[in-house]
Amino acid sequence: MNFDVPSEWVDFGDALIRFVDREVAGLEQEHRALLGSERTLYGEDGRYSPAVLALRRQVRMRSAELGFYTALADESLGGGGLGAQAAVYIQERLNAHCGPGRHLVQTVVLPSPFTNGLSPVLRHLDPAVLATCHAALASGDKTMCFGLSEPDAGSDVFGMRTRAVRDGDHWVINGSKQWITNAPYADYAMIFAVTDEEKARAHRGGITGFFLRTDTRGFSVPGVIPVMGHLGAEIGIVALDNVRVPDAQRLGPVDRGLSVALDGVNAGRLSMAASCLGLARWALDQALAYAQVRKTFGQPIAEHQAVQFMLAECAMDIYASKSMIRHCAWLIDESRPATKEVSIVKASATEMVGRVMDRAIQIHGGMGLTNELRLEAGYRWARTMRIPDGTSEIQRRTIARRLLEGDATF
Ligand SMILES: Cc1cc2nc3c(=O)[nH]c(=O)nc-3n(C[C@H](O)[C@H](O)[C@H](O)COP(=O)(O)OP(=O)(O)OC[C@H]3O[C@@H](n4cnc5c(N)ncnc54)[C@H](O)[C@@H]3O)c2cc1C
C-alpha cells in the first residue's frame with residue numbers, strides 16, 4: 001500500500017480550489033444578500049428561491065466545463081474514472097478548504113453520487129435511455145434524485161409500500177417517498193418499488209428500480225422537509241400517483257433493485273465520510289488558529305492543558321478517520337470486498353466529525369456559537385450525517401453481520 005498522493009490528484013485539487021476561490025467565492029460575494037440569509041435563500045414554501053437555483057446551476061455547469069464535475073465518475077459512463085482513492089482525497093480537500101454552509105459549493109461543485117452528475121446507478125440504465133439524458137446530466141444542466149426511503153421504510157427498506165405493476169410495455173407506480181434529497185429540484189428521479197410482494201416479504205429481492213423524468217404525469221413533490229433549524233430544505237416528499245414508466249427505463253433487472261441501489265449507497269457512504277473528514281480538518285484549523293490568539297488568565301488558551309487535550313483529541317480522531325477512509329478507498333480501487341469497511345468508515349467518520357465540531361465550538365467559547373463563524377452550521381450538518389445512507393446503528397448491524405459470517409480480517 002502506498003499512500004503517496006500522485007501529483008495529478010494534487011494538481012486537480014489545486015485547480016479545483018482555485019476555481020472555488022476565484023469564481024464561486026466571487027459569485028457568493030456578488031450575491032451575498034441573497035445567499036447570506038435563509039429568509040432570502042428559500043421561498044415561503046421552503047424551497048430554494050429561483051435565483052439560488054439558477055446560481056447553483058451556473059456553478060454546476062461551470063464546474064463541468066472545467067472538467068471537475070465528471071472527473072470522479074465511472075469511465076464506463078464517460079467520467080474521468082479517477083477512482084475511489086482520488087475521490088476521497090479530493091472531497092476531503094474541498095471540504096477542508098471551504099468549510100460548511102456554502103450553498104454554491106456542497107454537492108454543486110462536485111456532484112453527490114445520488115443527485116447530480118454521472119451517478120454510478122446510471123450504469124444500470126439502458127444505454128439508449130441514458131443517451132437521452134447523458135449530456136444534460138454530465139453538463140450539470142439537469143439533476144436527479146434517488147427515491148428509496150418512505151415514511152414506513154427507512155432502515156427497513158422491505159417495509160416499502162410503493163408498488164410497480166406491469167402493464168404491457170409499461171410499469172404503473174403508486175406510492176410515496178420521503179426524505180428524498182434534491183427531489184424538489186430534480187429533473188430525473190430514480191425510484192424503487194416493490195414488484196414482487198412475496199419476494200419482498202421474504203427479504204429476497206422483489207424490489208425494482210426505475211428511471212423517470214420528474215415531469216412524468218402523476219409524479220409530484222407536495223412538500224419539503226426542513227431539518228436541524230433550517231427554514232427550507234433540499235429534501236422532499238415524493239408522491240407517485242399512477243406514474244407510467246416504460247419498461248426500457250428500468251434500472252437493472254426486475255426484482256434486483258436493491259443491488260442497483262447499493263451502487264449509489266456505497267459510493268455515497270464513502271464520499272460522505274470523506275466530506276466529514278474534510279470538515280473536521282476545517283474545524284480543527286479554526287480551533288488551532290483561535291486557541292493561539294484568544295487569551296485568558298494572561299496567556300493564549302492554547303497554553304491551557306484542557307484546551308490542548310481537546311486539540312489533541314481532534315487530531316487523534318482525524319488521523320484515525322483519515323487512515324481508515326484511505327484504506328477503504330484502496331480496497332475499493334483494488335476491487336477487494338469492502339462491505340464491512342464501508343460501514344465502519346461511514347459510521348466512524350460521521351460520529352467523528354460531530355465530536356470534532358463540538359470541541360471546536362467549545363474551544364471558541366461564546367464565539368463558537370455565533371452564526372458568523374459557521375461552526376454551528378458545521379455542528380448541525382455533522383449531526384444530520386449519522387442518519388442518511390444508513391444510520392450508525394444500521395452500519396453496526398452490517399459490520400456485526402459480516403463478522404459473524406466469518407469476515408473478521410482487517
Ligand atoms: C438529510 C437526509 C437526507 C436523506 N436523503 C435520502 C435520499 O436522497 N433518498 C432516500 O431514499 N432516503 C434518504 N434519506 C432517508 C434515510 O436514508 C433514512 O432516514 C434512514 O435510512 C433512516 O430511516 P428512518 O428515518 O426511517 O429511521 P428508522 O429506520 O425508523 O430508524 C429509527 C431508529 O431505529 C434504529 N434502528 C432501526 N432498525 C434498527 C435495527 N435493526 N437495529 C438497531 N437499530 C435500528 C435506527 O438506527 C434509528 O436510530 C435521507 C434522510 C435524511 C435525514
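Computed from heavy atoms alone, side chains included, the values below leave out hydrogens, waters and symmetry copies. Counting starts at 1 for both ligands and their atoms, in listed order.
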When only distance counts, is [X] in polar contact with ligand 1, meaning an N/O pair under 3.5 Å?
X    : value
W179 : yes
S149 : yes
T384 : no
F146 : yes
S155 : yes

State if [X] counts as touching ligand 1 under the rule of any non-hydrogen atom under 4.0 Å.
X    : value
D389 : yes
I235 : yes
I394 : yes
F114 : no

In the protein, which heavy atom is nearest to [atom], and how far is it?
atom                    : result
atom 24 (P) of ligand 1 : G154 CA, 4.0 Å
atom 3 (C) of ligand 1  : T181 OG1, 3.4 Å
atom 44 (N) of ligand 1 : E393 CB, 3.5 Å
atom 2 (C) of ligand 1  : P388 CG, 3.7 Å

Q | Partner set under ring-ring contact (aromatic ring centres under 6.0 Å, His included) for F146, not counting sequence neighbours | A |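 Listed in chain order: F114, F192.
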Q: Mark whether atom 17 (O) of ligand 1 lies under 4.0 angstrom from at least one protein heavy atom.
A: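 Yes, there is one.
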Q | H364 and Y290 aromatic ring geometry - parallel, tilted or perpendicular at 30°/60° bounds | A |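 It falls in the parallel class, under 30°.
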Q) Parallel, tilted or perpendicular: which describes the rings of F211 and Y188, with under 30° parallel and over 60° perpendicular? A)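 The rings of F211 and Y188 lie parallel, inter-plane angle below 30°.
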Q | Aromatic F3 / basic R326 pairing, under 6.0 angstrom, 45° off normal | A |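 Judged by the rule (NZ or CZ under 6.0 Å from the ring centre, within 45° of its axis), R326 counts as positioned above F3.
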Q. Which one holds for K177 and ligand 1: side chain close, backbone close, both close, or neither close, with close meaning a heavy atom under 4.0 Å?
A.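 K177 to ligand 1: no contact under 4.0 Å from either part.
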Q: Report the part of T391 (side chain from C-beta onward, or backbone N, CA, C, O) that has a heavy atom under 4.0 Å from ligand 1; answer both or neither where that applies.
A: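 For T391, the contact with ligand 1 is made by the side chain alone.
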Q) Rounded to the nearest 0.5 Å, how far apart are CG of L277 and OH of Y319? A)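 If we round to the nearest 0.5 Å, L277:CG and Y319:OH are 12.5 Å apart.
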Check each atom of ligand 1 against the heavy atoms of [X] and keep those under 4.0 Å away; list them by number with element.
X    : answer
I180 : 7 (C), 8 (O), 9 (N), 10 (C), 11 (O)
I387 : 19 (O), 20 (C)
R397 : 41 (N)

Q: May I ask you to decide whether R18 forms a salt bridge with E23, counting only side-chain N to carboxylate O separations under 4.0 Å?
A: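 So R18 does not pair with E23 through a salt bridge.
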